[in-house]
Every structure is written in C-alpha cells, then in structure tokens.
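Reading through the structure tokens given below for one structure.
In what follows, chains carry the letters A, B, and so on, assigned in the order in which the sequence lines appear, proteins first and then strands, with residues in each chain numbered from 1. Being a predicted model, the structure only gives us computed values, none of them experimental. What you see below is based on every heavy atom in this structure, not just the backbone, and it leaves out hydrogens, waters and symmetry mates.
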Amino acid sequence: MHRHPKWHLISIKCAPISLKFFKQMRPGSMSKQPPQKTWGLQGEKKELRLRQSFFCKKTGNNRKMMIKYDGMKERKSPKEGVIHMSTDIRVRYAPSPTGHLHIGNARTALFNYLFARNAGGTFIIRIEDTDQKRNVEGGDKSQLKYLKWLGIDWDESIDVGGEYGPYRQMERLDIYQKYAKELLERGLAYKCYMTEEELEKEREEQRARGEVPKYSGAHRNLTEEQRRQFEAEGRKPSIRIRVPDNKTYTFNDIVKGKITFESKDFGDWVIMKKDGTPTYNFAAAIDDHLMQISHVLRGEDHISNTPKQMMIYEAFGWDVPKFGHMTLIVNEERKKLSKRDESIIQFIEQYADLGYLPEALFNFIALLGWSPVGEQELFTREEFIEIFDPNRLATSPAVFDPNKLKWMNNQYIKAADLDRILDITIPHLIKAGKLSEHMTEKERKWAEDLVALYQDQLSYGAEIVELTKLFFKEEIEYDEECMNVLSDEQVPDVLRTFREKLEQLETFNPDEIKAAIKAVQKDTKQRGKKLFMPIRVATTGQTHGPELPNAIYLLGRDKVIMRLNDALNKLDR
RNA sequence: GGCCCGUUGGUCGAGUGGUUAAGACACCGGCCUUUCACGCCGGUAGCACGGGUUCGAAUCCCGUACGGGUCACCA
C-alpha cells in the first residue's frame with residue numbers, strides 16, 4: 001500500500017508552456033493533452049493569460065504540474081496562486097577549474113542536471129576561475145570531459161555558448177568591475193587599503209580577546225585625504241561591501257527549510273580583490289542574476305555564503321533565486337571528503353580508468369543523498385530524469401560506501417554486452433603485462449573467452465587482473481584452505497584418473513572436459529565436492545573460481561596436466 | 001570559540017501522529033549448481049538521550065549530548 005502524494009488542485013495564471021515540457025511529463029498523465037494553440041510554443045514570449053485548473057504536485061518550486069482534465073475528482077485544499085512555468089527554470093553547475101572532476105562536484109552537477117531535465121529547464125555550466133593562483137591548466141576541459149562521460153549534457157557553457165555568456169568568469173571581469181563601481185558610487189561599498197599583514201594582526205588581536213575574528217571596518221569611513229595618502233604609498237585597494245547593521249537574512253532552503261543569519265555576525269567583506277578580480281560571493285551572485293538562474297543547488301558548505309550573496313542581490317534590488325543546500329558526502333570518519341583523503345577514490349576520472357561503467361556511477365551518485373519513492377534502486381538516466389524531485393534530497397550527510405558501488409557496478413556489468421566489458425578489462429590485462437598489445441586473432445579470442453568467464457562476478461574492469469591471475473602463473477601455491485581440500489584421501493586417485501582422461505581426449509574443449517570429469521566420477525565413485533574441489537584446487541589453486549570445465553579449457557591441456565603432476569608430487573611427500 | 005546544519009541497524013536509506021519500523025549493500029545460514037560463481041530464500045542488527053504536547057510520538061516542541069560545516073583579498 002503506498003501513500004498518495006500530496007496533491008493540490010489549484011488555479012493558475014500561467015506563462016507560455018513549452019511542448020517540450022509536456023513531452024517530458026509522465027506519459028500516463030498525458031492522456032489528454034491540451035490543444036497546442038492554447039498553450040504557446042517554447043520560447044514564445046507573448047504572455048498568455050488563462051485560467052485553468054491544474055492538478056499540481058506540490059513541490060518546493062511548484063514547477064511540477066499536471067493538467068487537470070475533465071472528470072478528475074477535486075481533492076481537498078484547493079489553492080489559488082500564480083505559478084511560473086517550467087521554462088523559467090535555469091540551474092547551473094559552477095566549478096572552479098582547480099582540478100579533476102571530484103565525486104562531490106559530480107553529484108552537484110548531477111542533481112542540477114536532473115532537476116533541469118525533469119522540469120524541462122536549462123542546465124548551465126559556468127567556470128569560476130577567478131583564483132588565478134589555483135587554476136589548473138586544462139581543468140575546465142577535464143571537468144566537461146568527465147561530466148560527458150557520466151552522461152550529463154548541458155545547454156549553455158564555454159564550449160556550446162549561449163545567450164548569457166561568456167561562461168568563464170575571467171572573461172566577465174568588466175561586468176564585475178562595473179557593478180562594483182556602481183556600489184562604490186552609491187556608497188554601498190568602499191575601498192579598503194589594509195594590507196594582508198594588518199588584517200592578520202587585527203584578527204590575531206580579536207582572537208586573543210576571545211572574539212570572533214571579523215573585519216573591524218577600520219577603513220569604512222576614510223577621508224579623501226587618507227585615501228590619497230594610501231594611494232601615494234602605492235597601496236592597492238580592495239573593495240568591501242558595507243554590511244547593514246542589524247539585518248536578518250532568512251531564506252527558505254529547498255532541502256533544509258528556513259535558515260536565518262544575522263548581519264552583525266559578518267564583517268564588511270571583500271567583493272573585489274586587490275588584483276581587480278571579484279571574490280566568489282560577489283561574482284556568483286552577479287552571474288546568477290545575469291544568467292537568470294532560478295535555483296541554486298549546491299553543497300551545504302555554501303550555506304554560510306548564502307547571506308553574503310543575498311546582500312548583493314539586496315544592494316542591486318534583484319530577486320533572490322531559490323537555494324537548496326545538499327548535504328556533503330563524507331568519508332568513514334564522517335568528515336567532508338577532502339581531496340587529499342586517500343581512503344576513498346575521489347575523482348571520476350579514476351573510476352573511469354578503473355573500469356567502472358558510467359551509468360553505474362551515475363546511478364550510485366544519484367542515490368547518494370537522494371532517494372526515489374519506491375524500492376527500486378537501479379535506474380536509467382531517463383528514469384532518473386523522470387522521477388527526480390528535489391524535495392526528496394536528504395538532510396543528513398551520506399558516507400560514501402565503495403562496497404555498494406562495486407555491487408552496483410557489477411549489476412551493470414552483468415547486464416552489459418561483452419564488448420563493453422572487453423573494453424574495460426583487456427587494457428588492464430595488457431597494462432599488467434598479461435596480454436600482448438598486439439594479439440593474434442587466436443590470442444584475442446582466448447582473452448575474450450577469459451573475460452567472458454568472469455563477467456558475472458566482475459566488480460570493475462581492473463579487477464580482472466586479480467581475478468584471472470591463476471591463468472598467468474607458472475607455479476601455484478596452495479593456501480591452507482586448498483591444502484585441506486587436497487589432503488582428503490580420495491584426492492590422489494581423483495587427480496590421477498582425471499589426468500589420464502585428459503590425456504586420452506582427442507579434442508580439448510569444455511564439453512569434452514566436462515565429459516572427462518564425468519568419467520572420473522564413474523571410475524572413482526567420487527562425486528560432488530569430493531570430485532570437483534580437488535580438481536578445482538589442483539588446476540586453479542583456488543577454492544572459489546569460474547566455471548571449471550571452461551577454466552580448464554582456457555588453461556590449456558599442457559598447463560593443466562603440469563599442475564596435476566605438481567599437485568600429485570606435493571601429495572606424495 | 002561564534003554562527004549554521006544534522007542524528008533511523010556497520011553503510012545507504014523509506015518513513016510527514018496509530019506500521020510486526022520498508023528495501024538495498026555488507027555479514028551469517030540455507031537452497032540451486034555433481035564444484036565454483038550467478039541467482040533465490042531466510043537471519044542478525046536500528047529510531048542518540050532527557051523532558052514535554054497528545055488517547056497515542058521515529059514522526060511535533062524544548063533542552064542535552066554527539067557529529068559535521070563555516071568563519072580568507074579560495075571557490
């Protein structure tokens with residue numbers, strides 16, 4: 001028995017709705033599509049004012065709607081309201097190109113992507129490269145590359161362009177400078193000439209007094225004379241915003257609910273650095289406004305940045321977007337994943353290299369801090385787009401569990417075509433020196449059969465090297481478990497008989513090998529574990545492994561007989 | 001330390017005042033397989049604590065504890 005979602009019948013005045021949007025709605029709910037001309041086409045600016053009843057799933061953004069059609073029963077709590085339609089939804093992922101795509105960032109991008117696609121909105125990628133010291137050459141390209149690998153695409157960015165560009169902040173410096181100048185002229189910001197040392201000293205003193213370190217406002221009201229003095233000394237000013245005295249900043253977070261900050265807890269903070277580049281909170285607010293971002297979905301480490309950004313919106317009289325702060329992904333110590341943390345593989349590129357399937361990683365990440373309604377856990381990208389609802393974002397941090405990722409990847413590997421599995425495994429065998437880079441057709445076939453043997457139990461591509469090591473060893477060592485198996489009294493008889501049968505085989509193939517084992521059973525009267533395990537252990541050196549006749553076939557007759565001899569010799573002693 | 005956020009089994013998590021508190025990973029047991037793996041079935045294990053509110057609280061309120069985030073001319 002599942003609960004009904006909360007539905008509200010509402011009347012709305014709406015803006016044009018795109019057909020694209022309707023196509024993305026649940027097919028089942030689309031049995032009666034409204035006539036096209038009533039609704040306007042995507043991108044049409046003309047305002048259509050109509051009163052129409054909608055059946056609307058109440059979400060934080062009120063964007064998900066379904067058309068009420070004749071005959072649908074009214075539910076309780078009808079509401080009146082003006083709803084902005086889905087085409088208004090614009091979200092962004094704004095990485096700084098300081099390195100490769102991190103798993104946490106990938107998740108931020110992923111949820112923004114799902115949110116946009118679910119609502120028929122626009123997904124934007126903006127590069128925040130204003131910290132020139134930390135920028136990494138090619139960092140932006142790498143970000144995009146692995147986003148693409150994950151199956152995420154975007155509508156506006158540095159590579160595809162868009163109406164709201166440029167999408168690289170260093171190419172927008174004139175914009176920030178213009179707005180900073182405006183704030184300066186309106187007296188909402190001022191120049192601060194303090195040096196790093198002076199600032200640090202100030203903070204030290206505050207700490208010593210047991211206060212919370214924050215900018216004192218020393219240069220808040222400099223006279224023209226003082227300013228000239230500092231300029232004459234050759235000091236370069238930064239620009240600080242005047243933080244209002246006693247103001248409360250409140251926002252209704254999509255995931256956390258109401259969050260409140262007091263302006264008195266903030267010192268006047270820098271909006272433009274000495275070098276003429278904007279600080280993060282200034283640039284992000286301006287860009288989000290200029291790019292008409294409707295929802296900001298980001299990590300919860302940004303919660304305390306939100307009031308700062310609200311100050312910027314306030315100063316310019318701009319509408320504030322909706323914010324949603326997702327919980328962080330944490331390690332086993334429950335700490336935010338830091339890039340230096342080595343307990344967990346952190347970068348998407350590494351997972352790609354290790355032979356994880358992108359759709360598995362996509363699936364896994366999407367379920368980290370978000371969950372769908374039912375019990376299903378394996379979804380395609382399209383399904384995620386279909387069911388994504390930001391209101392179901394988790395409120396508490398998630399520990400990254402590599403084990404479950406492995407399980408999930410295995411699910412996808414089992415379902416995948418062998419060709420794809422070959423692509424993620426063979427290179428590892430070559431790199432490990434197990435296979436030649438230039439295989440003959442026969443060798444290639446052998447390698448493919450080998451991989452196929454392990455498809456069901458493979459967790460990730462690189463694991464193939466470990467799994468198949470018994471095929472590349474000359475000599476095998478028996479561990480305790482193996483010795484236990486081999487020490488049974490029937491073993492020499494079984495092994496000798498099996499060797500005999502193999503030697504007699506005219507054609508050496510899995511079927512014949514299977515028949516040979518059967519023949520051993522007949523001769524020795526041993527069956528089940530007592531039959532198979534000695535053969536398995538003697539030939540593979542493992543108590544667990546792949547399908548035995550196939551493994552023996554791929555090992556080859558010579559090697560198998562050699563191993564049988566070795567085992568028998570060892571038992572003699 | 002100030003401010004902010006969080007707390008359901010080892011882990012992910014469902015749950016929005018009445019449930020025997022779902023499901024998944026891991027673990028353990030069984031079945032299937034003449035062995036192994038895959039698969040299937042079952043099991044162990046949880047609402048941080050203390051007060052309220054209520055006929056009734058995992059769920060609402062307050063407090064405590066614990067954990068985390070953030071306090072830059074980084075993003």
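- For the pair Thr543(A) and Asp401(A), both in contact range of RNA chain B, the more 5′-proximal nearest nucleotide belongs to Asp401(A).
- Atom C1' of nucleotide G39(B) and atom CD of Gln455(A) are separated by 15 Å, given to the nearest angstrom.
- Contact check on Arg207(A) versus Glu204(A) returns a salt bridge, with a Lys/Arg side-chain nitrogen under 4.0 Å from an Asp/Glu carboxylate oxygen.
- Of the listed nucleotides (A75(B), G13(B), C25(B)), G13(B) has the atom at the smallest distance from the side chain of Ala394(A).
- The residue Glu300(A) sits close only to the backbone: its heavy atoms come under 4.0 Å of sugar-phosphate atoms, none of a base.
- Distance CZ (Arg207(A)) to P (G1(B)): 15 Å, rounded to an integer number of Å.
- Between A22(B), G6(B), U35(B), one nucleotide has an atom nearer to the side chain of Met533(A) than all others, and that is U35(B).
- Of the candidates C4(B), G68(B), C73(B), the closest approach to any side-chain atom of Ile259(A) belongs to C4(B).
- Of the possible polar contacts, one joining the Thr279(A) side chain to the Val270(A) backbone as a donor-acceptor pair under 3.5 Å is found.
- Formation of a donor-acceptor pair under 3.5 Å by the Gln206(A) side chain with backbone atoms of Tyr215(A) is not found in this model.
- A close approach under 4.0 Å does occur between a side-chain nitrogen or oxygen of Arg334(A) and OP1 or OP2 of U11(B).
- Taking only side-chain nitrogens and oxygens, Arg392(A) comes nearer than 4.0 Å to OP1 or OP2 of G15(B).
- Of all nucleotides present, none satisfies the Watson-Crick or G-U wobble test against C74(B) with each distance under 3.5 Å.
- Taking the P atoms as reference points, C28(B) lies 12 Å from A37(B), given to the whole Å.
- Evaluation of atom-type donor-acceptor distances gives a pair under 3.5 Å for the side chain of Lys404(A) against the base of A24(B).
- One finds a side-chain N or O of Lys529(A) lying less than 4.0 angstrom from the OP1 or OP2 phosphate oxygen of C36(B).
- Tyr280(A) has its ring centre less than 6.0 Å from the ring centre of His302(A).
- The interatomic distance linking Trp407(A) (CH2) with C27(B) (C1') rounds to 16 Å, in whole Å.
- Nucleotide A75(B) holds its C1' atom 14 Å from the CD atom of Gln132(A), rounded to whole Å.
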| said: I'd like to know whether Asp268(A) forms a side chain to side chain donor-acceptor pair (under 3.5 Å) with Tyr190(A), so could you lay out the CA-CA distance, the side-chain angles of the two residues, the decisive distance to 0.1 Å, and finally the verdict. | reply: CA-CA 9 Å; Asp268(A) 293 343; Tyr190(A) 60 91; 2.6 Å; yes
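- Counting distance only, with no hydrogens placed and no angle test, the side-chain atoms of Asp129(A) and the base atoms of A75(B) include no donor-acceptor pair under 3.5 Å.
- We find that CG of Asp140(A) is positioned 15 Å from C1' of A75(B), with the value rounded to whole Å.
- Remark: Lys336(A) is in phosphate contact with U70(B), judged by side-chain N or O atoms under 4.0 Å from OP1 or OP2.
- Checking G39(B), A14(B), U35(B) against every side-chain atom of Gln411(A), the shortest atom distance belongs to G39(B).
- The distance between atom CD1 of Ile365(A) and atom P of C25(B), rounded to the nearest whole Å, is 20 Å.
- Between the CG atom of Leu328(A) and the C1' atom of C12(B) there is a distance of 16 Å, rounded to whole Å.
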| message | Does Thr327(A) form a side-chain contact (heavy atoms from CB on, under 4.5 Å) with Glu300(A)? I'd like the steps, not just the answer. | response | CA-CA 5 Å; Thr327(A) 57; Glu300(A) 78 178 331; 4.1 Å; yes
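- Considering only side-chain atoms of Lys414(A), the nucleotide from C38(B), C12(B), C4(B) that sits closest is C38(B).
- Looking at Arg203(A) and Glu200(A), a side-chain N of the basic residue comes within less than 4.0 Å of a carboxylate O on the acidic one, giving a salt bridge.
- Side-chain proximity of Val399(A) to the nucleotides C3(B), U35(B), U11(B) is greatest for U11(B).
- The side chain of His544(A) sits closest to A37(B) out of A37(B), G6(B), G2(B).
- Judged by Watson-Crick or G-U wobble contacts below 3.5 Å, the nucleotide G56(B) has no partner.
- Using the Watson-Crick or G-U wobble rule with both distances under 3.5 Å, G42(B) pairs with C28(B).
- In the set G15(B), G13(B), C74(B), C74(B) carries the atom at the smallest distance from any side-chain atom of Lys273(A).
- At least one donor-acceptor pair closer than 3.5 Å links the side chain of Tyr454(A) to the backbone N or O of Leu467(A).
- Among the protein residues, Tyr454(A) comes within range of no part of the nucleic acid, since none of its heavy atoms lies under 4.0 Å from any strand.
- One finds no side-chain N or O of Ser304(A) lying less than 4.0 angstrom from the OP1 or OP2 phosphate oxygen of C71(B).
- Applying the 4.0 Å criterion to OP1 and OP2 of C5(B), one finds that Lys256(A) has every side-chain N and O outside that range.
- Taking atom CG of Asp131(A) as the reference point, atom P of A75(B) lies 5 Å away to the nearest angstrom.
- In this structure, G6(B) and C66(B) make a Watson-Crick or G-U wobble pair, each of the two defining distances being under 3.5 angstrom.
- Under the Watson-Crick or G-U wobble criterion, with both distances below 3.5 Å, G23(B) is paired with C12(B).
- Taking the P atoms as reference points, U8(B) lies 42 Å from U33(B), given to the whole Å.
- When both pairing distances are held under 3.5 Å, G17(B) makes no Watson-Crick or G-U pair with any nucleotide shown.
- OP1 or OP2 of U7(B) sits under 4.0 Å from a side-chain N or O of Thr395(A).
- Looking at the side chain of Ser396(A), the nearest of the listed nucleotides A26(B), A37(B), G6(B) is G6(B).
- Closest to the Val212(A) side chain, of the nucleotides G1(B), C38(B), A75(B), is G1(B).
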